[in-house]
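Quick caveat: nothing in here was measured; it's all calculated off a predicted structure. For ligands, and for the atoms within them, numbers begin at 1 and follow the listed sequence. Note: hydrogens, waters and symmetry copies are ignored here, and every other heavy atom, side chains too, is used.
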Amino acid sequence: MRALYPGSFDPLTLGHLDLIERGCSLFGDVVVAVLQNPGKTPAFSLERRLNQIRTATNHLNGVEVISFDGLTVQCAREQGVNLILRGLRAMSDFEYELQIAHTNRSLSAEFETVFLATSAHHSFLSSSVVKEVARFGGPVSHMVPEVVADDLARLFNLPFPARMR
Ligand code: ADP
């Protein structure tokens, strides 16, 4: 089976990576689709985000990393996937995720959305939390892959010791 995992990934966290790894074990192939949202200014360019995910998933077979800028269901159709994969951390995610899943089903009944519960030790992780911690020079090596930790250090001009892991 082939799953589409869409998101902003601004930047990729270990929570995202955990979902990709588990998605691969469950479904075989996972297409990670990075949203290029013209309405939002991301911290990391599309190219950086694609590079982060490609580098961090290098050890996995069956992962493809692409960008998209339209409807998720359109992307799902173009990619020939069987399902859409999303993650759930807390009740606060649930309402939003349910709304998106229902919207996608109303647009195209052919794609089911499958939710994976976050791994408990990643439940606090979000891209925004990671950026907040990094902005003030806090350690992030337990939150993001190495390539992202390096990009965050560069983004926030952290002194060299803060970049050490
Ligand atoms: P979006 O802007 O589309 O919500 P995100 O990059 O924030 O994009 O998240 C993509 C998906 O990954 C969402 O379904 C989100 O719930 C899930 N996700 C994010 N962080 C985690 C985590 N720590 N554990 C499990 N799922 C997560």
Side-chain angles (χ1 to χ4, degrees), residues 2-27 29-57 60 63-76 78-79 81-108 111-135 138-149 151-152 155:
R2 195 168 151 86
L4 184 79
Y5 180 31
S8 310
F9 308 105
D10 185 35
L12 180 80
T13 70
L14 291 180
H16 292 129
L17 187 57
D18 176 56
L19 224 72
I20 297 169
E21 286 168 347
R22 289 158 63 206
C24 278
S25 308
L26 281 170
F27 308 118
D29 290 332
V30 173
V31 182
V32 184
V34 183
L35 179 64
Q36 189 180 14
N37 185 347
K40 270 194 196 170
T41 309
F44 293 102
S45 70
L46 181 64
E47 288 67 31
R48 281 315 309 160
R49 285 178 283 156
L50 290 169
N51 178 265
Q52 290 166 358
I53 303 170
R54 287 193 180 121
T55 305
T57 58
L60 295 171
V63 174
E64 213 175 300
V65 187
I66 61 160
S67 65
F68 77 110
D69 64 358
L71 293 173
T72 301
V73 289
Q74 182 59 35
C75 178
E78 285 166 9
Q79 291 298 317
V81 300
N82 309 93
L83 58 97
I84 295 168
L85 173 66
R86 295 282 289 181
L88 288 176
R89 282 161 295 188
M91 277 307 286
S92 48
D93 277 344
F94 181 76
E95 278 185 39
Y96 172 72
E97 292 292 341
L98 191 65
Q99 185 183 19
I100 301 286
H102 283 159
T103 306
N104 286 338
R105 284 274 285 171
S106 79
L107 295 173
S108 175
F111 301 113
E112 291 288 354
T113 300
V114 173
F115 298 103
L116 285 186
T118 180
S119 296
H121 56 292
H122 290 138
S123 60
F124 67 99
L125 281 181
S126 71
S127 299
S128 3
V129 160
V130 160
K131 281 180 283 193
E132 274 313 290
V133 173
R135 180 190 306 278
V140 290
S141 57
H142 58 305
M143 301 182 185
V144 294
E146 193 169 352
V147 58
V148 176
D151 279 357
L152 283 164
L155 180 72

Inset, instruction - Keeping the roles fixed (side chain from S119, backbone from H121), state whether a donor-acceptor pair exists under 3.5 Å. - result: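 Pair absent, no side-chain N/O of S119 close to backbone of H121.
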Inset, instruction - Using distance alone, with no hydrogens and no angle criterion, decide if E95 and Q99 have a side-chain donor and acceptor under 3.5 Å apart. - result: no
Legend entry - By side chain to side chain donor-acceptor pair (under 3.5 Å) - contacts of D29 (at least two apart):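 For D29, no residue satisfies side chain to side chain donor-acceptor pair (under 3.5 Å) once neighbours in sequence are set aside.
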Legend entry - side chain to side chain donor-acceptor pair (under 3.5 Å) involving R54 - partner list, sequence neighbours excluded: none
Legend entry - Every residue of the protein that comes under 4.0 Å of ligand 1, judged on heavy atoms: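 Protein residues near ligand 1 are Y5, P6, G7, S8, F9, G15, H16, L19, R86, G87, R89, D93, E97, T118, H122, L125.
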Legend entry - Pair D93 + R86, salt bridge at N-O below 4.0 Å: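 No, no charged N to carboxylate O under 4.0 Å.
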Donor-acceptor list for residues 30-43 side chains, cut-off 3.5 Å, not counting sequence neighbours:
unit_1, atom_1, unit_2, atom_2, d
N37, OD1, G39, N, 2.8

